[in-house]
2 protein chains.
Amino acid sequence: MNLKQLSEILGLSQTTVSRALNGYPEVSEDTRVRVQAAAQKHGYRPNSRAKGLATGRSMVIGHVIPSSSRHEMVNPIFGDFVAGAVKKYSEHGYDMMFTNADDTSIEEAYRSLFQRGAVDGVVLQGPKVDEPRIEVLTRMAVPFIVHGRSTGVVGQYDWIDVNNKSSFLRATRFLIDLGHRRIALINGLEDMDFAQRRRDGFLEALRQAGLSPNPELMRSAEMTEVYGHHETRDMLGLDNPPTAILCSSMISAIGVRRALDESGLELGKDVSVIAHDDDLSYLKNGQDVPIFTATRSSVRNAGEMAAEMLIERIQSPDDPTKTRLLEAELVVGRSTGPAPNRI
Amino acid sequence: MNLKQLSEILGLSQTTVSRALNGYPEVSEDTRVRVQAAAQKHGYRPNSRAKGLATGRSMVIGHVIPSSSRHEMVNPIFGDFVAGAVKKYSEHGYDMMFTNADDTSIEEAYRSLFQRGAVDGVVLQGPKVDEPRIEVLTRMAVPFIVHGRSTGVVGQYDWIDVNNKSSFLRATRFLIDLGHRRIALINGLEDMDFAQRRRDGFLEALRQAGLSPNPELMRSAEMTEVYGHHETRDMLGLDNPPTAILCSSMISAIGVRRALDESGLELGKDVSVIAHDDDLSYLKNGQDVPIFTATRSSVRNAGEMAAEMLIERIQSPDDPTKTRLLEAELVVGRSTGPAPNRI
DNA sequence: CTCAATATTCAAAGCGCTTTGGATTGGCGA
DNA sequence: TCGCCAATCCAAAGCGCTTTGAATATTGAG
């Protein structure tokens, strides 16, 4: 069933039917009702490609997934961010499109997605330091929003980010206040912007307390469970192991916990752990009492906000750039306690 | 830059340029090279909406996400399945589209997605028992594939599924062979088809061993970490607690482990645990030695296969239906051991 | 050198929608 | 009764591409 057929059934022109359906005023209320009833009855749905061709807008927002099997984006966080975003998209009549790109040509993927008219805007996830895609997107004049920021990129762009530095500063200070001196950082991949900011916060807190950082206690890699486990085991084997661990992800923190268990160490007593908690729906940080003391910020929520900001940008391309910095909440659970009195 | 402009630059007709770019034979090799060079140089990309309108195909495959915040689909598994699928899609020139739907109208969402021409086919994820969407999609004659199956649905359709029954039967038998008699099942939501099949396998193994199932030891809900923890705590408090637990997800199994730790019970000694492991990239079941004894089947792999099967279906709508049953592998880790000798 | 056969190229129609510019109708005051 | 303004409705153009049917250029056999 297409417009033409529907209009023939109704004995009206395509113009009138189209207008009736799209809420234009130059059509009588009677006909509008009649048209809507008929459309309903025959299950008419305007062809979105034709509509897009005619209007010049696709009502689709694009995301790019790097194809390498292990990468920051196809992770548990991804699902929650997307769930938040897609909800807002649909509230505004947008769909969501994913394209795959091998790591070498992510820029190319964005460019293609937009220039061939497949999407009205894009979301840039997982920005690295000096992220080149930002400049590319700016130059292309495609509406976009960055989930995160990118140190080293000059120029304005819309972004939404957690205040990674302040939250890790706060978490580190919390550990220091508990008497910990040998504090480890199990961080995400170093070239990711968020990881860098977290490290900055961590180092800043040490500096403020007059402590000097120990490179042996600073690890970084893809934030898997196995990684958290592996690094923890490794550090526990040091001559002078850490009494506290700051961990960039709940997933890795689970690995940390496993390593502690294996070593017969008690979480929150022998070793304190603070994790960053993205508040994933499938991996809640406990019910009433948090499992881990954590810096918490809902990534699903961030997805919703990102979606709304992007849609605003699409609708008003000339507005000044908007940015949003979310403060993570420090929730205190049972994974932290006073530093043990070792000799 | 559109076709018209490009053809004017080249002094050729749109027809010829289009054919040169799409590899049709009725264009000389010289012009083809010239056209391709020019297209490259000017960054020409055919408008996908226009192309879709003209060809009647959108080169997009649709997925529907239920909007309710907690649901089977927006979970860690989702990310890996999608990553697998999108990789294959892009190899075949397809993009992936997500639409959101509130739980009441998932059918409606599929219908709309296809009938308005937005997608060439759809993937149906998380089928329930007697899944109504299957019949809807069949009637609409939209190419689709089900990830999973649906007990109670008559008629043929393409699907790819893990042999949930046999893997849980095998896992249960393995526990029985170790001497366990009080075996608990922490399953997914009961109305999900996979959960039902797993329960069937579990019950079948008990039956074969002459054991009678204990309703108190059979739990089902959304497979979160907190859920695994909660049910385990609860069951450990029973007069006669289980000596082994079969768990439908790694995530929940982590919660199980936490509950055991809290109770001072040793995993694999006091209580044995077998989990179903979807082989998620961020939640590998250990490195060399598996953390949990598990029934393992890569969901990412399933995503890839599903994508390929769907694309075949789109290309040959009249082929007989294809189905694929994957056998999970039983990997033995350190979470299982002989049943303890309680009085 | 001709002419049919083949190799290239092109003009125009069509995909299903929106939207511009115009036509038609009815109502109402003069 | 006439004229004018709203209120409705419509025909046709256009979005950017593919594809049909036809035209033109080239080739090779006779």
Side-chain angles (χ1 to χ4, degrees), chain A residues 1-39 42-60 93-95 112-120, chain B residues 1-39 42-60 93-95 112-120:
Chain A
M1 172 65 57
N2 59 25
L3 226 210
K4 192 174 173 193
Q5 293 167 9
L6 183 62
S7 64
E8 278 165 3
I9 289 177
L10 283 160
L12 288 170
S13 74
Q14 298 188 34
T15 309
T16 303
V17 176
S18 168
R19 283 183 166 150
L21 257 21
N22 290 309
Y24 283 78
E26 52 273 83
V27 52
S28 72
E29 209 43 41
D30 283 357
T31 33
R32 187 186 306 283
V33 169
R34 234 182 83 221
V35 169
Q36 281 169 341
H42 296 90
Y44 167 72
R45 315 189 187 247
N47 181 300
S48 44
R49 278 177 267 126
K51 191 165 187 161
L53 233 206
T55 59
R57 291 176 310 133
S58 62
M59 300 306 284
V60 175
Y94 284 85
D95 286 326
S112 144
L113 206 47
F114 183 70
Q115 290 185 347
R116 64 182 220 259
V119 304
D120 294 337
Chain B
M1 172 66 56
N2 59 23
L3 226 211
K4 192 174 173 192
Q5 294 167 9
L6 183 63
S7 63
E8 278 165 2
I9 289 177
L10 283 160
L12 289 169
S13 73
Q14 298 188 35
T15 309
T16 304
V17 176
S18 168
R19 284 185 166 151
L21 258 20
N22 290 309
Y24 283 77
E26 54 271 85
V27 52
S28 72
E29 210 42 42
D30 283 357
T31 33
R32 188 187 305 281
V33 170
R34 235 181 84 221
V35 169
Q36 281 170 342
H42 295 90
Y44 167 72
R45 310 181 192 256
N47 181 300
S48 45
R49 279 176 267 125
K51 191 164 187 163
L53 232 206
T55 58
R57 292 176 310 132
S58 61
M59 300 307 285
V60 175
Y94 284 85
D95 286 325
S112 144
L113 205 48
F114 183 70
Q115 290 185 346
R116 63 185 222 260
V119 304
D120 294 337

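Chain letters run A, B, ... following the sequence lines, proteins first and then strands; every chain starts at 1. Computation of the quantities below employed the complete heavy-atom set of this structure, encompassing side-chain atoms and omitting hydrogens, waters and symmetry-equivalent molecules.
- In terms of phosphate contacts, A:Y24 brings no side-chain nitrogen or oxygen within less than 4.0 Å of OP1 or OP2 of D:dT8.
- Note: A:L6 CG to A:L21 CG = 7.0 Å, rounded to the nearest 0.5 Å.
- If B:R49 and B:T15 are placed on DNA chain D by their nearest nucleotide, the residue sitting closer to the 5' end is B:R49.
- Minimum heavy-atom separation, B:P46 to B:K51: CG-NZ, 4.3 Å.
- The distance from the OG atom of A:S58 to the CG atom of A:D95 is 9.0 Å, given to the nearest 0.5 Å.
- In this structure, the separation between OH on B:Y44 and CE on B:M1 is 10.0 Å, given to the nearest 0.5 Å.
- Map B:R19 and B:T55 each onto its nearest nucleotide of DNA chain C; the residue landing nearer the 5' end is B:R19.
- Nearest-nucleotide assignment on DNA chain C puts the 5′-proximal partner with B:V17, out of B:V17 and B:L53.
- Here the range on DNA chain C touched by chain B, meaning any atom under 4.0 Å from one of its heavy atoms, is C:dT8 to C:dG16.
- Panel note: side chain A:T16, backbone A:L12; no donor-acceptor pair is recorded below 3.5 Å.
- Atom CG of B:N22 and atom P of D:dT19 are 8 Å apart (whole Å).
- Within 4.0 Å of A:S48, counting heavy atoms only, lies no atom of the nucleic acid at all.
- For the 3.5 Å distance criterion, the side chains of A:T15 and A:S18 fail to qualify, holding no donor opposite an acceptor.
- Atom P of nucleotide D:dG21 and atom CD of B:E26 are separated by 14 Å, given to the nearest angstrom.
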